[in-house]
Structures are given as C-alpha cells and as structure tokens.
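Shown next, in structure tokens, is the structure this report addresses.
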Amino acid sequence: MGYLEALNERQLEAVLKVDGPMMVIAGAGSGKTRVLTYKIAYLMEQGVDAFNILALTFTNKAAREMKERIADIVGPSEAKNISMGTFHSVFSKILRYHSEKLGFPNNFTIYDTQDSRSVIKAIIKDFGLDDKVYKPATVHGRISSAKNNLISPAAYEQNAEIIGEDRIAQRPDLFRIYKEYVKRCFQSGAMDFDDLLYNTNVLFRDYPEILHFYQQKFKYVLVDEYQDTNYAQYLIVKKLAAVYENICVVGDDAQSIYSFRGANIQNILNFKKDYPDFTQFKLEQNYRSTKNIVDAANSVIARNQDQIKKDVWTSNDAGEKIDIIRCLTDNEEGRVIANKIFDWKQAKGLDYQDFAILYRTNAQSRSFEEALRKLNMPYKIYGGLSFYQRKEIKDLIAYFRLAANPKDEEALKRVINYPKRGIGNTTIDNVVVAARKYGVAVWDVLTDFKVYPVDISVRAQNTIRDFVTKIQSFTLRLDTTPAFDLANDIASSSGILKDLYDDKTPEGVARYENIQELLAGIKEFTVSQPENEIATLSDFLVDVALLTDADQEQEEDKNKITLMTIHSSKGLEFPYVFIVGLEENLFPSQMALNSRAELEEERRLFYVALTRAEKKCTISYVTSRFRFGQQIFAEPSRFIDELDQKFIHHINRMEGNTGGGRSLNSYQRPSEYAKPQSRSETGFKMPTQRNLKPLKSATTSSGKHATTVPLKVGYNVVHERFGKGKVTALEGKAPDQKATIFFPRVGNKTLILKFAKLEVVD
DNA sequence: ATCAAGGCTTTTTTT
DNA sequence: AAGCCTTGAT
C-alpha cells in the first residue's frame, strides 16, 4: 500500500473512508483524480470485488486513464472488471441488455444530435409549422431539458408552467412535437443521448427486480464531476445507492460549467438532504499551479454569489504574473501567440505538448491554426467537427447502422440514395408519407409494397428492391462475419468507396482517406478482440455513437500544441496556457448576459480556464475580429478587470512609426473606453505593470511619441519578426545607431535602430 | 432526377 | 466564411 504515502492528510482521509455516503469537494488541481483512483484501488485491497464497483466519469478518456492507473496498482486482470465509464456509455450497455422490456430492439440505434435535429425538422415540416419560430435547435433543447428532468411528453403537456413558457415564446405546439419525436424515435428503434438516461430511469422505475439486481451488483458507487450531473443522472445514482449507501461523489461547484445541458448544482445540495449522515471532505491544496495563478483565479471566482466557500491555496512558487495581451485583429492574435510559443519553446527548451490554446467557441480556432501552420508547429484541435461527424464517415456508418437496425430511419434516409441510384426525393417522400399513414416504419413499407401499397413508379420500386436486398444481405452476415470483413464489403458494394475514389478534388481525396482510416480503425477493433470471440460490426456500433475526438488520440498526436474549447479542457492541465478572445460578447458569451446565473457560469468557465495552467497563463483579446464574415469591434472582457491587478501584467504591443491612418483604434475606442486600457497609457502608467518598454520613438495612433529607452549591450529585446534576442554589439550614434542582436530563431542580425521595431524586455 | 447557383442563417459550450 | 436549403434549368 505504498501508494498511500503519496497522499496528503485530507486526501488520505477521503481514500480510507470505505463505507457510507461521502462527498469530496475538490478545488481545482487538488488531486481529485488521484483520490478517486487510490480510493478504488484501496477498496479492492480491502476485499471489495471489482464487479461490485461502479465508477462514473465525465468522459471516456477520463475513465480509460483512471482504469489504467488502477490497473497499475491492482493489476489489469482485476481492474478490467470494474464498471467504469460515462453515464451514457455504462447505461447504454445496461439498456441494451434489457431493451426488450422497453420495447426497443437490443441493437437499437443511438441518435446523435444531428439525427435528433433532423427528425425534429421533419416533424416541424409535417406539422406545417414555421421553422423560423420552431427552430429545430431550440425545439431540441426544450425536449432535451424535459428529458433530463424526467418529464415525459404526457407530463409536459400537463405542466402548466412549461406550457405557459412555450406559449409566451410563441411555440404553443412544442408539446406535440415532443410527443411525435418520441414516437418516431421509438418506431425507428432509436434512442437519443438523453434517452440513455431517461430510459434507464424508466427501466429502474418499472422493473424493481432489475433495479434490485443492479443495486446488489453495484455495492460501491463513485461519481466524478458530480457538479455537472443533471437530474436524470442524479436519480439513477440515488436509486442504485439506495440499499448500501456506499456512495462517493467528487466535484467542485466552482467548476460547474454544463448547466446548459441540464447540469444542476442543486445535486450537491440534495446530497446533504438525501444522506444526512454523510461525511464531507474538502481538498483545498492546489498542487498544479503557481501562487499567482491560484490567487488570480480565486480573485475571479470570489465574485460569484452561488458557491460553497473554499480556500484553495498552494505551496508552489509565486511564478510569473499573468500576461494580458491586446491585439488588433484575430489574425494578429493568432500570430502573436504562435510566435510566443515558438520563442518560449526555443528559449526554455519546452515541448509542443507543454502548450495549450483555449477558447470560448470552436470557431476561434482558425487564426491559430493558420499561424501555427505558417511556423510549421504541430498542433491538434479537439472538438469542433469530430471525425465521426464527417459526412463520409456518417454515410458509411449509416450503412452499418441500417444493417444492424433497418428501422433506423435517419440512417435509411441518409443512404437510400447515396451513392446516387435514382431514388429521388419525390419517391422517398411518398414512401415516408405512406409509412406514417400505415403507422409502420419506413423500412416495413420498402420491404413489402403488397401489404403497404405506395404510389411510386415501377422503376423506383425495382431500384428500391435491389437496395433492400443489399441491406438484407449485410444484415444476414452481421453476427457471423468479423467486423472488418463486413465493413470492407459494405464500403465497396454500397458504392461509397468508388464514389469517393472517383472524386479527385483535394476534398474528395481527403474523404477517401478518412474512409480508409475508419476501416483501419475497425480492423484494429477486430483484431484486438480476444482469441475465440469474433468482434462483429454490431459490437463496433455499440461504442461508436458515444466516441469523441478525445477518445481517438493517436500516438503521433502526443507532442503537439493543444487547441480546444475551455469546456473540453476541463480536467486537463498544461504548463503554458493561453486563454484567448477575452472580449465582451464572446467571453462572456453574448448569450449568457441575461441573468446573474448565466454570467456566473461564464465566470466559472473562466475559472476553469485559468486553473488549467501550471506555470504560466497568458490572456489575449482583440479590438477587431471577424464574425459571420463581418468585421466587428470588440471591447475587452469584464473578466480581465475582475482579475486582481496584483497578479496580472498588461502588455500592449507597440506599433512602428510609419504612421498613416493604419490604426483601427482611432475609430474603435468610443468615449466610455478612452480610459486605462488605451494603448499609449497601459503599461506605462503603473510602474509595477511595466515590463516592456518602447525603444525607438514609436508613434502611437494618437500621434504621441512614446518614451525612448537607451539600448545597451546585454539587453534582451523582442523584434516583431525575429522574436526574442540579445544585444551583442552597438555602433554609431542616434539617430543612425546600429545594433547587432542575436536571435535564437534566426541568428545574428545587424539592425538600424531607427527602423527596427524593437521592445526591451526587463 | 439531378445539378448549379444564389440566398440565407449561423456560433456557445457536449455526452 | 461556410454550410444548408430553395430555386430554377436541364
């Protein structure tokens, strides 16, 4: 049990408490994962059977990593018997096992967001509703939050408050859409993400013997990131733990950032109500970050009203202050940060993987990608359009899905005429209308025009018959053929492979390669299966719907700069972190300015971002950026002002003195903002904030001349293009003085100071 | 039935 | 800037 020595007193207490309800409130970087890992290992060493442990994590990746760490302690053969994963993946497996109880096929499809939206869109159209008023995304959000709160369509319709909200929002028919949506999903043998939680609750509610079975199986229940669970998840956990009450939840209310998805901080408060004799542990020592970072983050989060008081502290060094960089445009922001990474990597001998760029929205990644590409620096973007959401991948998987579950209407619609086989929209529409009329799945109509007559041409009927036969031939081989073999056959005989191969545009080539990559992945999946079992395509499909980019990480992705949203950075840490786009209406998001609760969530998000950094945190904002293809002007985020000034340091890049109306600032700054941050003042007013001094008489946009600092041999300077350097020699006198400067990036350069755009670094 | 062109909305975050 | 949808021509 030597590993227990690696724990501090608080952590140790939390690990050693085995039985009964407990809650660990764990500040950022306080070793939460370590506690959870060791706790599970300790349980097993105390004789708890791995089969009796359920550990729920927020991502698949977190589950996998934790499992590996536990395996290191207790051995892989034991570790693999723990039920560990996300709520969605663990309970989708349980649902598959009992699906017939709920009237679903055991190979039910999991609809992703796109599928759900598409179903909803069709319903809105069929109901003759205006899709400007009933936006599919909004409607889906409404349905999703109903499900997350376990409100059935019937209960929705009865709920005066909800119906009132819909009426006020001019969407009185929403309950009808909800009802129809559930019906269509059921008819398609499909569950959406929310159904995985909702239906688990239905299963446990309606089948006490099944609930009883899992209560006995999962004698120990552990939940990570408890602050981000929603009501449906809360109730699942509560029911499972009702008998033994061996429940351990771990979380940090300050890092609750998923309320848009139904996450409810209330769950933490409910915990006290549900288990009055629970034990609470607080982990407050941060092992991750410097004092500056921890204290700066504390100074921000202190402004939130809703929080459990904590005193997060660290014994680490003070470290450097947080730099705040102003840039003119989003493109410049990309270049400046790419250059910084380049310089710091050189100067400090760092790896690419030491850096992360975090942003509020996925769309911001572009300027960084471009800048990094130009400097030939490897990066990896997480999130955004994931591999599995690409059209060609979804197309091929749709064939797989259809083979496994022909009632899957979204898959059917996707591929019935792709590649083109002459089954046009009119035909499909007619078939769909007929299916609704007969009250059966579209597939049922397609397979039997005698029983379900449809008014379509004989030609179309024949084409459809061929298509149906082809799918049926796939279905027949589903349980007997290894996944890779069948997948390969489907890719060829569906015509997808040829269709993409014939497309010689760069995009087409990339798509073809993506398909090959998917097939290679399936190959790997197939051969990694235990000797005497065959991995079928159905097995592959079970996982694929719930996979994300983070689960796909390749070995070659390891030493790369990380680009991701702050949301996806939760739980991660990096030595050097850049938080970019700190502007009003972007961060905090424009959508989050309607209530204090929303703003506080944005602030928690900022807190999460800050606390990802170990050594150094850098923040940037721009005064002008492109949005929807249009240039918009931006003001610095209020969050910048909320940081205690003690811990930050403003850097304003100086311009050259070429003059001439270049400045965007001159018309950017409205009067209310002609104050401290204004470029010629910030960084000069407060001596404590000064770190970069202008060297040559740089003319600012307002026409003022900045102070001139004499240059000396040995000074460190920053050049706009060459980056950081050291002055090795000086010759001549001003105004024609020249300096020889060694730049690690480009070697020695002799520059005429009059022209060189240099800044001196203290 | 298919394809090209033009117009329109979109960006908050994710299992 | 890009994807989606409608429209209109073939």
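The shown structure was predicted, so the numbers you read here are calculated from the model rather than taken from an experiment. All values below were derived from every heavy atom in this structure, side-chain atoms included, with hydrogens, water molecules and symmetry-related copies excluded.
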Checklist outcome for this item: 5' to 3', nucleotides 1-10 of chain C under a 4.0 Å protein heavy-atom cut-off (B base, S sugar-phosphate only, - none) gives B--SS-----

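In this structure, the salt bridge (charged side-chain N to carboxylate O under 4.0 Å, His left out) partners of A:E601, at least two apart in sequence or on a different chain, are A:R604. For A:Y418, the ring-ring contact (aromatic ring centres under 6.0 Å, His included) criterion is met by no residue, not counting sequence neighbours. Residues forming a side chain to side chain contact (heavy atoms under 4.5 Å, CB included) with A:N362 (at least two apart in sequence, or on another chain): A:Y359, A:T565. The side chain to side chain contact (heavy atoms under 4.5 Å, CB included) test applied to A:A545 returns A:I110, not counting sequence neighbours. For the side chain to side chain contact (heavy atoms under 4.5 Å, CB included) test, residues two or more places apart in sequence or in another chain that qualify with A:Q266 are A:N264, A:L269. A:F639 is linked by a ring-ring contact (aromatic ring centres under 6.0 Å, His included) to A:F587, A:F606, counting only residues two or more places apart in sequence or in another chain.
Counting only heavy atoms from C-beta on, A:T113 has its side chain closest to B:dT15 among B:dT9, B:dT15, B:dT14. The A:F193 side chain lies nearest to B:dT15 when the options are B:dT13, B:dT15, B:dT11. With distances taken from any side-chain atom of A:A363 to the nucleotides B:dT11, B:dT14, B:dT10, the minimum falls on B:dT11. Looking at the side chain of A:H567, the nearest of the listed nucleotides B:dT14, B:dT9, B:dT11 is B:dT14.
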Below 3.5 Å is the cut-off: list the nitrogen or oxygen pairs between protein and nucleotides 1-7 of chain B, distance only.
from: B:dA1; atom 1: OP1; to: A:G424; atom 2: N; distance (Å): 2.8
from: B:dA1; atom 1: OP1; to: A:T427; atom 2: OG1; distance (Å): 3.1
from: B:dA1; atom 1: OP2; to: A:T426; atom 2: OG1; distance (Å): 2.2
from: B:dT2; atom 1: OP1; to: A:G422; atom 2: N; distance (Å): 3.4
from: B:dT2; atom 1: OP2; to: A:N417; atom 2: ND2; distance (Å): 3.2

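Here A:D112 lies out of heavy-atom contact (under 4.0 Å) with every strand. As judged by a 4.0 angstrom heavy-atom cut-off over every strand, A:F587 is placed among residues making no nucleic acid contact.
Applying the salt bridge (Lys or Arg N to Asp or Glu O under 4.0 Å) rule to pairs touching residues 227-238 of chain A yields A:D228-A:K570, A:K238-A:D274, sequence neighbours excluded.
An OP1 or OP2 oxygen of B:dT14 is reached within less than 4.0 angstrom by a side-chain nitrogen or oxygen of A:S568.
One can place NZ of A:K570 at 12 Å from P of B:dT14, the figure rounded to the nearest angstrom.
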